[in-house]
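The block underneath contains the structure these notes are about, expressed in structure tokens.
Every heavy atom of this structure was used, including side-chain atoms; hydrogens, water molecules and symmetry mates were not. For this chain, numbers begin at 1 and follow the sequence in order.
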Amino acid sequence: MQNVRQNLIVLAFAIATTVSLDINSAHCAIITAGDIVRIDDDQNVASGLFGGEYALYKKTGPGAEDWEFVTKTFCLERTAPIDIGTSEYIQYVVAAVSGKIIYKDAPSEETLLDKTKFLYYAHQAGILDTFDLGGGVFFQYNDDNWAQSLQNAIWELQGDGVYLSKDEDKLIALADAEAANYTAQYDTNVFSLNLFELGQTPAGFDINDSSTWSTSDDHIQDLLWYSNPVPEPSTIAIWSLAGLGGLGLAIRRRRKKK
């Protein structure tokens, strides 16, 4: 009986911890207009030579260290600037979460294309490396060259050209072939974060009214964001612990019955 009670305590604690982790993760993953963010090329990402992949962080409190990693991201404008984290983080405000790219030399906009959404969704969902890109070539996660190839493909699809041509043509061909098959997975989950320097968002900014957009240098790089991230390994591990606790309880019950 004592062993059964101990198993129940472990199981309850594991489930409670998992729920807490899931809630915190979900809260962190939510990005809305008004949030403050920054990017970095730290250990969370492979580093393309120009552009992403970047680590996207969200400001969670007033302290200098109050930043929470949200996801991996890529740039949407090849020539627009953005600064990565240094000893003093450069902060940006999310003016809108939308399906539009605002160009800084504007006011002008471009729609975030389905093929771009598909590639980013596949990357974020962890399935991009499951597609044969031709001749047995596969995308590789945590690889600098492939990170640059994906960044190039995103720019090329959005009509911005590329830096240092690599394997973006293979990824674009994949998007041409597969994007229409995954509409339900990416259509309501992949967005553009329209960013301004902190404190520089134009008064009365409205993503649906270009006359409210600034034509100055206040607007900076727009970034990709996936709103339905895969659970972190720590969460999966806790669920595994909960499952093992339940399995242990079932085994003990079976033995007692025998």
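- With rounding to the nearest 0.5 Å, the separation of CD in Gln124 from NZ in Lys117 is 15.0 Å.
- When atom types are taken as modelled, the side chain of Gln221 and the backbone of Leu76 share a donor-acceptor pair closer than 3.5 angstrom.
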Quiz: residues 90-97 side-chain donor-acceptor pairs under 3.5 angstrom, not counting sequence neighbours:
{"unit_1": "Tyr92", "atom_1": "OH", "unit_2": "Asp83", "atom_2": "N", "d": "2.9"}

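- Side chain of Gln151 to main chain of Cys75: a donor-acceptor pair is present (N/O by atom type, distance under 3.5 Å, no hydrogens or angles).
- When each of Asp66, Asn44, Thr71 is checked for a side-chain hydrogen bond (donor to acceptor under 3.5 Å, both in side chains) with Tyr57, only Asn44 meets the rule.
- Within the 4.5 Å cutoff, no side-chain heavy atoms of Thr116 are placed close to those of Val190.
- Side chains of Leu223 and Ser192 form no contact here, defined as non-hydrogen atoms less than 4.5 Å apart.
- Val162 is not connected to Leu133 by any chain of hydrophobic side-chain contacts under 4.5 Å among Ile, Leu, Val, Met, Phe, Trp and Tyr, and they are in different clusters.
- The CG atom of Leu224 sits 15.0 Å away from atom OH of Tyr121, with the distance rounded to the nearest 0.5 Å.
- A perpendicular orientation is assigned to the rings of Tyr186 and Phe118, their planes being inclined by more than 60° (bins at 30° and 60°).
- Using a 30° and 60° split on the angle between ring planes, Trp155 and Tyr163 fall in the perpendicular class, above 60°.
- Taking the six-membered ring for Trp and thresholds of 30 and 60 degrees, Tyr89 and Trp67 have ring planes more than 60 degrees apart, a perpendicular arrangement.
- Hydrophobic cluster membership is shared by Leu128 and Ile154, with clusters built from Ile, Leu, Val, Met, Phe, Trp and Tyr side chains linked at under 4.5 angstrom.
- Ile31 and Val45 fall into different hydrophobic clusters, where Ile, Leu, Val, Met, Phe, Trp and Tyr residues are linked whenever their side-chain heavy atoms come under 4.5 Å apart, directly or through other members.
- Inter-residue side-chain proximity for Asn208 and Lys100 is flagged as met; some heavy-atom pair is nearer than 4.5 Å.
- Under the 4.5 Å side-chain criterion, counting only non-hydrogen atoms from C-beta, Trp213 is in contact with Phe205.
- Residue Leu119 comes nearest to Ala175 through the heavy atom pair CG-CB, 4.0 Å, listed as atom of the first residue, atom of the second, then distance.
- Taking both residues in full, the closest heavy atoms of Glu168 and Lys166 are given as OE1-N, 2.8 Å, listed atom of the first, atom of the second, then distance.
- A side-chain donor-acceptor contact under 3.5 Å links Gln158 to the backbone of Leu113.
- Distance alone, capped at 3.5 Å, places no donor-acceptor pair between the Asp187 side chain and the Ala184 backbone.
- Of all heavy-atom pairs between Phe191 and Ser227, the closest is CE1-OG, 3.9 Å.
- Using a 30° and 60° split on the angle between ring planes, His123 and Tyr141 fall in the tilted class, from 30° to 60°.
- Using a 4.5 Å heavy-atom threshold, the side chains of Thr79 and Tyr103 count as separate.
- Between the side chains of Asn152 and Gln148, at least one donor-acceptor pair of N or O atoms lies under 3.5 Å.
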Starting from the C-alpha separation in whole Å, work towards a yes-or-no answer on side-chain contact (heavy atoms from CB on, under 4.5 Å) for Val37 and Val70. CA-CA 10 Å; Val37 299; Val70 175; over 6 Å; no
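- Ser98 and Asn194 are linked by a side-chain donor-acceptor pair at a separation below 3.5 angstrom, with hydrogens and angles left out of the test.
- No donor-acceptor pair under 3.5 Å is formed between the side chain of Trp225 and the backbone N or O of Lys72.
- Of the possible donor and acceptor atoms, one in the side chain of Glu77 sits under 3.5 Å from a partner among the backbone N and O of Asp222.
- The shortest side-chain heavy-atom distance between Phe131 and Phe139 does not fall under the 4.5 Å cut-off.
- In the hydrophobic clustering of this structure, Leu112 groups with Phe74; members are Ile, Leu, Val, Met, Phe, Trp, Tyr whose side-chain heavy atoms approach within less than 4.5 Å, directly or through other members.
- A pairwise comparison of heavy atoms in Asp40 and Arg38 identifies OD2-NH1, 3.4 Å as the closest pair.
- One finds the CZ atom of Phe69 at 7.5 Å from the CG atom of Asp42 (value rounded to the nearest 0.5 Å).
- Note that CD1 of Ile220 and CD1 of Ile102 are 10.5 Å apart. Values are rounded to the nearest 0.5 Å.
- Under the 4.5 Å side-chain contact rule for hydrophobic residues, Ile82 and Leu56 share a cluster.
- The main-chain N or O of Ala46 is found under 3.5 Å from a side-chain atom of Glu53 such that the two form a donor-acceptor pair.
- How far OG1 of Thr32 is from CG of Leu193: 10.5 Å, rounded to the nearest 0.5 Å.
- Within the structure, side-chain hydrogen bond (donor to acceptor under 3.5 Å, both in side chains) pairs that include any residue of residues 169-179 comprise Lys115-Asp176, Asp167-Lys170, Glu178-Asn181 (at least two apart or interchain).
- Summarising the geometry, atom CG belonging to Leu164 is positioned 5.0 Å from atom CZ belonging to Phe50; distances are rounded to the nearest 0.5 Å.
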